[in-house]
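Written out below as C-alpha cells is the structure these notes cover.
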Amino acid sequence: MSRRAAQKAFDWVSIMARAPQAARGDIGALRGRYETLKAAMNAYPEKPDPIPWEYYQSNVSDQKLVESFKKSFGSLSVPYPEDTTTATINKQQKEAEALAKTAIEESKVHVAKLEAELRKIKGQKPYEDMTVDEFLDDHPDLKKEIDAEIKRGEWY
C-alpha cells in the first residue's frame, strides 16, 4: 500500500479532543466512513495479479485476438494524477503559521499589559479605606473628566 493513500495516519483522539463538542458527532461519522473506505481499498492488492496470457493462447482459437489484447494491454498506461495542490497548501500553511506567530506575540504583549494593570489594581488600597481624593489621584483621567463636567454644570 505504498502510494495508495500516501499512508496518512490520522490521530483521531487528538482531533476529537480539539474539536468542539457539536462537531464530534460529524467527526466520528467521518472517521467511520474513512475506516470503511480504507478497509475496502486494502481488500484489493496494490498490484493486480498478472494476466495468464499462456492460458488464453492455449484456450482461445483466435490467436490474433489474444495477441492484439496482449499488445493493447502492454501499451496501456494509467498515469498517476499529478499533485497540483500540495505546494499551495504548504504555502497557505506557512502563511497561517506566520500569522499565528504574530498573533501569539501580540497576545503576549497584551497579556503583559493586563498583568501590569492587574498588579497595579491589586497594589491599590481597598476602596473601603480610600478617600475620594486618593482615588482621583490614582485616576487622573477620571479627575479631568469630572472637573470638566463640573465646569459645564453637568455634574450634580
Side-chain angles (χ1 to χ4, degrees), residues 1-124 126-127 135-146 148-149:
M1 192 172 140
S2 61
R3 282 178 55 175
R4 285 192 133 167
Q7 288 298 84
K8 180 68 177 168
F10 295 102
D11 184 4
W12 293 106
V13 174
S14 173
I15 293 170
M16 290 292 253
R18 288 184 283 163
Q21 187 69 30
R24 290 185 182 171
D26 292 336
I27 293 172
L30 175 66
R31 179 182 184 181
R33 177 111 170 118
Y34 171 80
E35 295 297 334
T36 302
L37 292 173
K38 184 178 172 185
M41 183 178 71
N42 289 336
Y44 297 103
E46 184 174 343
K47 291 189 174 188
D49 295 333
I51 297 175
W53 295 112
E54 301 81 28
Y55 171 79
Y56 291 110
Q57 287 174 340
S58 63
N59 290 318
V60 175
S61 59
D62 189 356
Q63 295 296 313
K64 289 182 183 180
L65 180 65
V66 174
E67 283 301 318
S68 171
F69 283 163
K70 185 175 179 181
K71 182 179 174 188
S72 296
F73 186 79
S75 66
L76 179 66
S77 173
V78 179
Y80 194 76
E82 183 180 336
D83 183 7
T84 58
T85 58
T86 299
T88 305
I89 291 171
N90 289 340
K91 180 182 172 189
Q92 290 173 345
Q93 180 179 1
K94 287 179 182 176
E95 291 171 359
E97 287 173 354
L99 286 173
K101 286 180 182 177
T102 303
I104 288 170
E105 293 304 318
E106 290 173 357
S107 294
K108 286 179 180 178
V109 170
H110 188 65
V111 166
K113 288 179 183 177
L114 292 175
E115 286 175 344
E117 189 174 332
L118 184 61
R119 282 191 300 275
K120 180 181 171 186
I121 291 170
K122 285 183 177 180
Q124 287 181 346
Y127 291 123
F135 180 80
L136 292 176
D137 287 341
D138 286 342
H139 300 88
D141 54 333
L142 188 59
K143 183 175 170 71
K144 287 179 187 177
E145 186 179 327
I146 291 171
E149 287 179 2

Can you give each donor-acceptor pair under 3.5 Å made by side-chain atoms of residues 95-102, sequence neighbours left out, with the distance rounded to 0.1 Å?
{"from": "E97", "atom 1": "OE2", "to": "Q93", "atom 2": "NE2", "distance (Å)": "3.2"}
{"from": "T102", "atom 1": "OG1", "to": "A98", "atom 2": "O", "distance (Å)": "2.9"}

For the pair E105 and K108, evaluate side chain to side chain contact (heavy atoms under 4.5 Å, CB included) and give the outcome as yes or no after the intermediate values.
CA-CA 5 Å; E105 293 304 318; K108 286 179 180 178; 4.0 Å; yes
So how far is it from [X] [atom1] to [Y] [atom2], rounded to the nearest 0.5 Å?
X    : Y    : atom1 : atom2 : result
M16  : Q21  : CE    : CD    : 9.0 Å
K71  : K64  : NZ    : NZ    : 13.0 Å
Y56  : E67  : OH    : CD    : 14.5 Å
R119 : L114 : CZ    : CG    : 10.5 Å
L136 : I146 : CG    : CD1   : 5.0 Å
E35  : L30  : CD    : CG    : 10.0 Å

I would like to know whether L118 and K122 meet side chain to side chain contact (heavy atoms under 4.5 Å, CB included); could you show each step before the answer?
CA-CA 6 Å; L118 184 61; K122 285 183 177 180; 4.0 Å; yes
Partner set under side-chain hydrogen bond (donor to acceptor under 3.5 Å, both in side chains) for S14, not counting sequence neighbours
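S14 satisfies side-chain hydrogen bond (donor to acceptor under 3.5 Å, both in side chains) with R18 only.
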Atom CZ of residue position F69 - does it have more than 12 heavy atoms of other residues, nucleotides or ligands inside 6.0 Å?
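It does not: F69 CZ has 12 such atoms or fewer within range.
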Which label fits W12 and Y34: parallel for a plane angle under 30°, tilted from 30 to 60°, or perpendicular past 60°?
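Judged by the thresholds at 30° and 60°, the geometry between W12 and Y34 is tilted.
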Between Q57 and Q63, is there a donor-acceptor pair closer than 3.5 Å when you use the side chain of the first and the backbone of the second?
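Pair absent, no side-chain N/O of Q57 close to backbone of Q63.
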Taking F135's backbone N and O only, do any of them form a donor-acceptor pair with H139's side chain (distance below 3.5 Å, no angle check)?
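Yes, because the side chain of H139 sits within donor-acceptor range (under 3.5 Å) of the backbone of F135.
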Residues two or more places apart in sequence or in another chain: which of them pass side-chain contact (heavy atoms from CB on, under 4.5 Å) with T86?
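Testing T86 for side-chain contact (heavy atoms from CB on, under 4.5 Å), a comparison that skips the adjacent residues, returns D83, N90.
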